[in-house]
Number of protein chains: 2
Amino acid sequence: MSTRAVRKEEEENLLRRADDLCRQNNLRLTPIRERVYRELVQSGGPVGAYDLVDRLSSDKKRLAPVTIYRALDFLRDAGLVHRLATQNSYVVSHGQPDVNAMKIMFVDSKTGETIEVHSTEVAEAVRKAAEQAGFKSVSPFMEVEGELNRQS
Amino acid sequence: MSTRAVRKEEEENLLRRADDLCRQNNLRLTPIRERVYRELVQSGGPVGAYDLVDRLSSDKKRLAPVTIYRALDFLRDAGLVHRLATQNSYVVSHGQPDVNAMKIMFVDSKTGETIEVHSTEVAEAVRKAAEQAGFKSVSPFMEVEGELNRQS
DNA sequence: TTATTTTTGATACAAAGTAGCAAAACGAAA
DNA sequence: TTTCGTTTTGCTACTTTGTATCAAAAATAA
Ligand SMILES: [Zn+2]
Ligand SMILES: [Zn+2]
Ligand SMILES: [Zn+2]
Ligand SMILES: [Zn+2]
């Protein structure tokens, strides 16, 4: 099977899982919301909101930014998409949401490429640090910039 | 000694240390850079760039945003100030820069209040996770949202 | 001094995100 | 099916955040 086909299959898996998740939680994965999610999935990386406006607009119909932002808000609330604050961009959340793990989004400083890793060790260490700081709970998501090993 | 006086003393410590740091590294802590840093120190928390514009502008002289952004860029490069990407704001870096520690900025989701904690445990756990993700190095700074214990 | 580099000022602009309200679509009753 | 309240979408305009550009000023070096 070609890597192209593999990716296509992964895309369909993500779409199906998003569909299931929404159905199970009585959330409505409406056409635009699905189109935004699909575009993020297909891009394979972080995409800016105004990029999504362009990509999902046709010559006939230009979407308003707020339409995209609303769809993104929905997808984020559903846990399907993360916002990368340092990049002003949005990226699909991979992996089953493991409640005890910290979801770390590593962002390559050069290219903006991201890789998501889940780690219970980091979660535990951050929880301890949070306690020190007087925080009772912390977000299970964080963003860390770094340099990707450039394998040519 | 009053807590007010204690804070004043802390402020002066930070200013002096910033001055020393710049002198030692041949960096120029010019008047406007120092004013921006001082304002951040005195505020005791994160402040937005345009807030700084207002606070440092007088009736006679209105500073241009770019002036503030340049000062902030300098201060960030010097390691004196952090940008909180999730809050679009800037905050002074506390603590001696311990090279082996992760500097975690906990941000209260409700108030925006921040507390900085340095942790070698988190640094180590993140480093391991980064290795998994194929990252050779990571930023020693991260931002985590959470809920502060509300001590009334 | 004179030349070179760095910093600041001023204007305009770009990019990211939101407010407000009306129309449309949807979902649950009746 | 019709009614009615709720949710979603479209549309316009607007706010907030951050930059590009180029000239003037200040600092540093020669
Ligand atoms: Zn939301
Ligand atoms: Zn995720
Ligand atoms: Zn810089
Ligand atoms: Zn710091």
Side-chain angles (χ1 to χ4, degrees), chain A residues 18-19 22-40 43 46-78 80-91 107 112 143, chain B residues 18-19 22-40 43 46-78 80-91 107 112 143:
Chain A
D19 218 70
C22 289
R23 213 183 309 279
Q24 286 165 19
N25 293 85
N26 271 328
L27 302 174
R28 302 202 289 211
L29 192 58
T30 60
I32 10 157
R33 291 169 177 172
E34 180 163 2
R35 283 174 67 204
V36 168
Y37 185 65
R38 183 186 304 276
E39 189 61 41
L40 285 171
S43 83
V47 183
Y50 278 72
D51 245 7
L52 289 167
V53 171
D54 290 340
R55 297 188 195 185
L56 298 180
S57 290
S58 66
D59 293 329
K60 325 207 91 173
K61 193 174 185 75
R62 174 96 191 154
L63 293 178
V66 70
T67 302
I68 299 297
Y69 280 105
R70 285 195 284 229
L72 287 171
D73 186 55
F74 169 87
L75 294 168
R76 292 170 66 193
D77 287 351
L80 292 167
V81 163
H82 292 301
R83 171 172 142 83
L84 298 182
T86 63
Q87 314 292 109
N88 287 338
S89 65
Y90 303 83
V91 65
V107 182
E143 193 181 337
Chain B
D19 217 68
C22 289
R23 213 183 309 280
Q24 287 165 18
N25 293 87
N26 270 326
L27 301 173
R28 304 203 292 219
L29 192 58
T30 61
I32 148 118
R33 291 167 178 173
E34 180 163 3
R35 283 175 67 204
V36 168
Y37 184 64
R38 183 185 305 276
E39 188 61 42
L40 284 172
S43 84
V47 184
Y50 277 75
D51 247 7
L52 289 167
V53 171
D54 290 340
R55 297 188 195 185
L56 298 180
S57 290
S58 67
D59 292 330
K60 326 207 90 172
K61 193 174 184 76
R62 172 100 193 152
L63 293 177
V66 70
T67 302
I68 299 297
Y69 279 105
R70 284 194 285 229
L72 287 171
D73 187 55
F74 170 87
L75 294 169
R76 292 169 66 193
D77 287 351
L80 293 167
V81 164
H82 293 301
R83 171 173 141 84
L84 298 183
T86 64
Q87 314 292 109
N88 287 336
S89 65
Y90 303 83
V91 65
V107 182
E143 193 181 338

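For the numbers below, each heavy atom of this structure counts, side chains included, while hydrogens, waters and symmetry mates do not. Naming convention: chains lettered A, B, ... in sequence-line order (proteins, then strands); numbering from 1 in each chain.
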Student: Which heavy atom of B/V107 sits nearest to which heavy atom of B/G112, and what is that distance?
Tutor: CG1-O, 4.0 Å
Student: Can you name the closest pair of heavy atoms from A/V36 and A/A71 and give their distance?
Tutor: CG2-CB, 3.8 Å
Student: Main chain of A/A85, side chain of A/E143: is a donor-acceptor contact present, judged purely on distance under 3.5 Å?
Tutor: yes
Student: Can you tell me the distance, in whole Å, between the CG atom of A/N26 and the C1' atom of C/dA28?
Tutor: 13 Å
Student: For C/dG9, take OP1 and OP2 only and decide whether either is under 4.0 Å from a side-chain N or O of B/R70.
Tutor: no
Student: Would you kindly compare A/P65 and B/I32 by the position of their nearest DNA chain C nucleotide and give the one closer to the 5′ end?
Tutor: B/I32
Student: Can you find a side chain N or O atom of A/Y50 that sits less than 4.0 Å from OP1 or OP2 on C/dA15?
Tutor: no
Student: Classify the nucleic acid contact of B/R83 as base, sugar-phosphate or nothing, counting any heavy atom under 4.0 Å across all strands shown.
Tutor: sugar-phosphate
Student: When you measure from the side chain of A/T67 to the backbone of A/L63, do you find a donor-acceptor pair of N or O atoms at a distance under 3.5 Å?
Tutor: no
Student: For the residue pair B/L29 and B/C22, what are the closest heavy atoms and their distance?
Tutor: CB-SG, 4.0 Å
Student: Measure CG/A/L63 against C1'/C/dG17 and give the value in whole Å, please.
Tutor: 16 Å
Student: How close or far is atom P of C/dG27 from atom CG of A/L27, stated in whole angstroms?
Tutor: 13 Å
Student: If I take atom CD1 in residue A/I68 and atom P in nucleotide C/dG17, what distance separates them, rounded to the nearest angstrom?
Tutor: 13 Å
Student: Once you round it to whole Å, what is the distance between P of C/dT7 and CG of B/L29?
Tutor: 12 Å
Student: Below 4.0 angstrom from OP1 or OP2 of C/dA25, is there any side-chain N or O of A/R28?
Tutor: no
Student: From the set C/dG27, C/dG9, C/dA10, return the single nucleotide nearest to any side-chain atom of B/T67.
Tutor: C/dG9
Student: Within less than 4.0 Å of OP1 or OP2 of C/dG17, is there a side-chain N or O belonging to A/N88?
Tutor: yes
Student: To the nearest Å, how far apart are A/D54 CG and C/dA16 C1'?
Tutor: 13 Å
Student: Can you tell whether the side chains of A/D54 and A/R62 come within less than 4.0 Å, N to carboxylate O?
Tutor: yes
Student: Do B/R28 and B/F74 pass the side-chain contact (heavy atoms from CB on, under 4.5 Å) test, and can you show the C-alpha distance, the side-chain angles, and the key distance before you say yes or no?
Tutor: CA-CA 9 Å; B/R28 304 203 292 219; B/F74 170 87; 5.5 Å; no
Student: Taking CD from B/Q87 and P from C/dG17, how many angstroms apart are they, rounded to a whole number?
Tutor: 14 Å
Student: Starting at the 5' end of DNA chain D, which residue's closest nucleotide do you reach first, A/V66 or A/R33?
Tutor: A/R33
Student: Which nucleotide span of DNA chain D, 5' end to 3' end, has atoms closer than 4.0 Å to non-hydrogen atoms of chain A?
Tutor: D/dT7 to D/dT12
Student: With nearest nucleotides of DNA chain D determined for A/T30 and B/Y69 from heavy-atom distances, which residue corresponds to the more 5′ nucleotide?
Tutor: A/T30
Student: Look at A/Y90 and C/dG17 and indicate whether a side-chain polar atom (N or O) is within less than 4.0 Å of OP1 or OP2.
Tutor: yes
